[in-house]
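Note: hydrogens, waters and symmetry copies are ignored here, and every other heavy atom, side chains too, is used.
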Amino acid sequence: LIGVVGFDESRNDVKDAIDKLRSKAVPVITTAATFDELGKFDEIYAPSLFPMAPTNTELAHYAAYWATVGVPEHDIPDAHRAAVFVDTTEGDFYTEDLGNKFEKEFKELGGEVDLVRYSGSRSIGPEYIDCAAPPMTSVRNSSITQAGPASSAPSSTTLVCQNAAR
């Protein structure tokens with residue numbers, strides 16, 4: 001074995017596999033896993049791990065920025081309030097971490113955030129029905145962003161619904 005390419009999810013079993021490969025100094029290239037601490041073991045980042053995707057910290061930073069300034073060329077207004085749907089399924093590092101980081105960044109930029117926590121495919125309440133529109137569309141002063149693999153929605157996806165109304 002000369003190396004591993006893949007590991008596209010930020011989950012506990014992926015972290016365990018990286019740890020086993022790290023102990024044998026096998027290089028690992030993660031393709032889509034974004035959890036900042038995925039390669040951290042005993043406070044040291046695995047030197048044999050090479051992530052290809054940006055970290056949750058970077059994703060949250062840019063998502064919060066774009067939400068607060070909008071995307072005028074696509075008729076997506078700026079947002080001042082966001083509802084972030086966070087899957088808290090055990091062993092999933094991605095959604096809760098990304099949701100918390102987005103909340104921090106968005107608040108620092110002056111926005112308000114409601115974290116809506118759920119586990120697995122539990123249904124979301126009707127108060128967030130506007131978030132059922134397709135990702136990255138403008139719907140009556142609202143813009144919707146989906147962060148995560150569409151194939152796994154809604155069970156392991158963080159959804160951010162930005163309402164432009166104050």
Can you tell me how far CG of Leu115 sits from OG1 of Thr88, rounded to the nearest 0.5 angstrom?
11.0 Å
In this structure, CD of Glu9 is separated from CZ of Phe35 (nearest 0.5 Å) by 14.5 Å
Does this structure show an ion pair linking Glu105 with Lys101, if we count only N-O contacts that are shorter than 4.0 Å?
no
Donor-acceptor under 3.5 Å (Asp8 side chain, Ala32 main chain)
no
Do you know the tightest heavy-atom contact between Phe7 and Leu21?
CE1-CD1, 3.8 Å
Tell me whether Phe41 shares a hydrophobic cluster with Val28, the cluster being built from Ile, Leu, Val, Met, Phe, Trp, Tyr side chains joined at under 4.5 Å.
yes
Count I, L, V, M, F, W, Y as connected when their side-chain heavy atoms are under 4.5 Å apart, and connections chain through other members. Are Val4 and Tyr45 then in the same cluster?
yes
One should read off an interatomic distance between Arg11 CZ and Thr95 OG1, to the nearest 0.5 angstrom, of 8.5 Å
Without swapping roles, check the side chain of Asn100 against the backbone of Glu96 for a donor-acceptor pair under 3.5 Å.
yes
Gap separating the CG atom of Asn12 from the OG1 atom of Thr89, nearest 0.5 angstrom
13.0 Å
Check: Ala25 main-chain N/O paired with Ser48 side-chain donor or acceptor under 3.5 Å:
no
Answer yes or no: does atom OH of Tyr62 have more than 12 heavy-atom neighbours from other residues, nucleotides or ligands under 6.0 Å?
no
